[in-house]
Engineer: 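Let me give you the structure first, and then I'll get to my questions.
In what follows, chains carry the letters A, B, and so on, assigned in the order in which the sequence lines appear, proteins first and then strands, with residues in each chain numbered from 1. For the numbers below, each heavy atom of this structure counts, side chains included, while hydrogens, waters and symmetry mates do not.
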Protein chains: 2
Amino acid sequence: MGATKTEFFTNKQNEIALLAKAIGHPARVAIIDYLLKTENCICGDIVNEISLAQPTVSQHLKELKNVGLIKGSIEGNAICYCIDEKVLEKLQNYFLSISKKLLKKKENCC
Amino acid sequence: MGATKTEFFTNKQNEIALLAKAIGHPARVAIIDYLLKTENCICGDIVNEISLAQPTVSQHLKELKNVGLIKGSIEGNAICYCIDEKVLEKLQNYFLSISKKLLKKKENCC
DNA sequence: TTTATTTATTGCAATATTACTATATAAAAA
DNA sequence: TTTTTATATAGTAATATTGCAATAAATAAA
């Protein structure tokens, strides 16, 4: 075997895992960092920012797009990529709910 | 090729990626969920909760432990696993900082 | 001490990911 | 129309992950 057994987990658990997995590579963290700090959302700018070959960056962009964390729009010859806040909110809310649950637990046993 | 080129990214980016990657599997999300909602942090309870073989669960626990998201303490015959709030906070802070940056950006271009 | 219980490790097969070169595609510029 | 520019896809090799059965290790119980 070797494939994840998603059928044993809830939709929510699978969704959070997919989103976290998408962020689970430094190149994709770097892409998100870049999109957050700049107005240049053109694909070529991102490729220049990341020290990996253009097809590799394209592949990472595709993975972020597949889970909805970024969206692309055609801008003439180029493609403009932007963060989709609504999808990022899912992760933000997940970590917020963890914070709340941790506060409720008076003490960790270890 | 095939291995992640961490040398091209910042320590922060690599750290966030490693933490996110650890959460990037539904079994590990389920383990965290379980540890948040129960007082039973004994390894055997976690194994019963997750529909995967004991060695597989043990491996997932190890990965969470490797990045520091959980910590284990010996409890007689058994092992008690707990969430390490300080490490989780790193991810929480990362997503909080993203929220702030998104607010500063008046408009997304796409 | 012997046996049972609990957890970790080993070894393996199946699958997925990472990164690249080469190439395709599609719009813009000449 | 031809060429350039920008991005995506195909194909491939290297590496990593997932999951399990079998087994080891270590403590507890008998």
Engineer: Do the side-chain N or O atoms of A:Thr56 get closer than 4.0 angstrom to the phosphate oxygens (OP1, OP2) of C:dC20?
Structural biologist: yes
Engineer: Quickly work out the A:Leu64 CG to D:dT7 P distance and round it to whole Å.
Structural biologist: 16 Å
Engineer: Show the nearest heavy-atom pair for residues A:Leu18 and A:Val67, with the distance to one decimal.
Structural biologist: O-CG1, 4.0 Å
Engineer: From CD1 of A:Ile79 over to P of D:dT7, roughly how many Å is that when rounded to an integer?
Structural biologist: 7 Å
Engineer: Spell out yes or no: do the side chain of A:Gln54 and the base of D:dA6 have one donor N/O and one acceptor N/O closer than 3.5 Å?
Structural biologist: no
Engineer: Would you call the rings of A:Phe9 and B:His25 parallel, tilted or perpendicular if under 30° counts as parallel and over 60° as perpendicular?
Structural biologist: perpendicular
Engineer: Tell me: CG of A:Leu52 to C1' of C:dT17, nearest whole Å?
Structural biologist: 13 Å
Engineer: To check you understand the geometry: which heavy-atom pair defines the closest contact between A:Leu35 and A:Tyr81, and what is its length?
Structural biologist: CD2-O, 3.3 Å
Engineer: Starting from P on D:dT7, measure out to CG on A:Asn48 and report it in whole angstrom.
Structural biologist: 9 Å
Engineer: Considering every strand and a 4.0 Å limit on heavy-atom distances, what is the contact class for B:Gln59: base, sugar-phosphate, or nothing?
Structural biologist: base
Engineer: D:dT27 P sits how many Å from B:Ile74 CD1, rounded?
Structural biologist: 7 Å
Engineer: Counting only heavy atoms and a strict 4.0 angstrom limit, can you tell me which residues of residues 6-30 of chain A come near DNA chain D?
Structural biologist: none
Engineer: Closest-nucleotide mapping onto DNA chain C: is B:Leu61 or A:Gly76 further toward the 5' terminus? I mean the 5' end.
Structural biologist: B:Leu61
Engineer: Can a side chain N or O of A:Tyr81 be found less than 4.0 Å away from OP1 or OP2 on D:dA6?
Structural biologist: no
Engineer: Of the options D:dT15, C:dT18, D:dA6, whose atoms approach the side-chain atoms of A:Glu63 most closely?
Structural biologist: C:dT18
Engineer: Any base atoms under 4.0 Å from A:Ile42, or only sugar-phosphate, or nothing? Heavy atoms, all strands.
Structural biologist: sugar-phosphate
Engineer: Would you say B:Ser58 reaches C:dT7's phosphate, i.e. side-chain N/O to OP1/OP2 under 4.0 Å?
Structural biologist: no
Engineer: Quick one: B:Lys62 NZ to C:dT9 C1', roughly how many Å, whole number?
Structural biologist: 7 Å
Engineer: Let me know the distance between CG of A:Asp45 and P of D:dT5, rounded to the nearest Å.
Structural biologist: 16 Å
Engineer: Pick the nucleotide of DNA chain C nearest each of A:Thr4 and B:Lys5; which residue has the one closer to the 5' end?
Structural biologist: A:Thr4
Engineer: May I ask you to verify if any side-chain N or O of A:His60 is less than 4.0 angstrom from the OP1 or OP2 atom of C:dT17?
Structural biologist: no
Engineer: Given atom CG of A:Asn77 and atom C1' of D:dT4, what is their separation to the nearest angstrom?
Structural biologist: 9 Å
Engineer: Taking all heavy atoms of B:Val29 and all of B:Ile23, pick out the closest pair and write down the distance.
Structural biologist: CG2-O, 3.2 Å
Engineer: Would you kindly say whether the two SG atoms, from A:Cys80 and from A:Cys43, are closer than 2.5 Å?
Structural biologist: no
Engineer: Quick test of your reading: applying salt bridge (charged side-chain N to carboxylate O under 4.0 Å, His left out), list the pairs with at least one residue in residues 47-69 of chain B, sequence neighbours left out, ordered by first then second residue.
Structural biologist: B:Arg28-B:Glu63, B:Lys37-B:Glu49
Engineer: Looking at A:Ala17 and B:Pro26, what are the two nearest heavy atoms and their distance?
Structural biologist: CB-N, 3.4 Å
Engineer: Out of curiosity, A:Leu52 CG to A:Ile31 CD1, how far, rounded to the nearest 0.5 Å?
Structural biologist: 8.5 Å
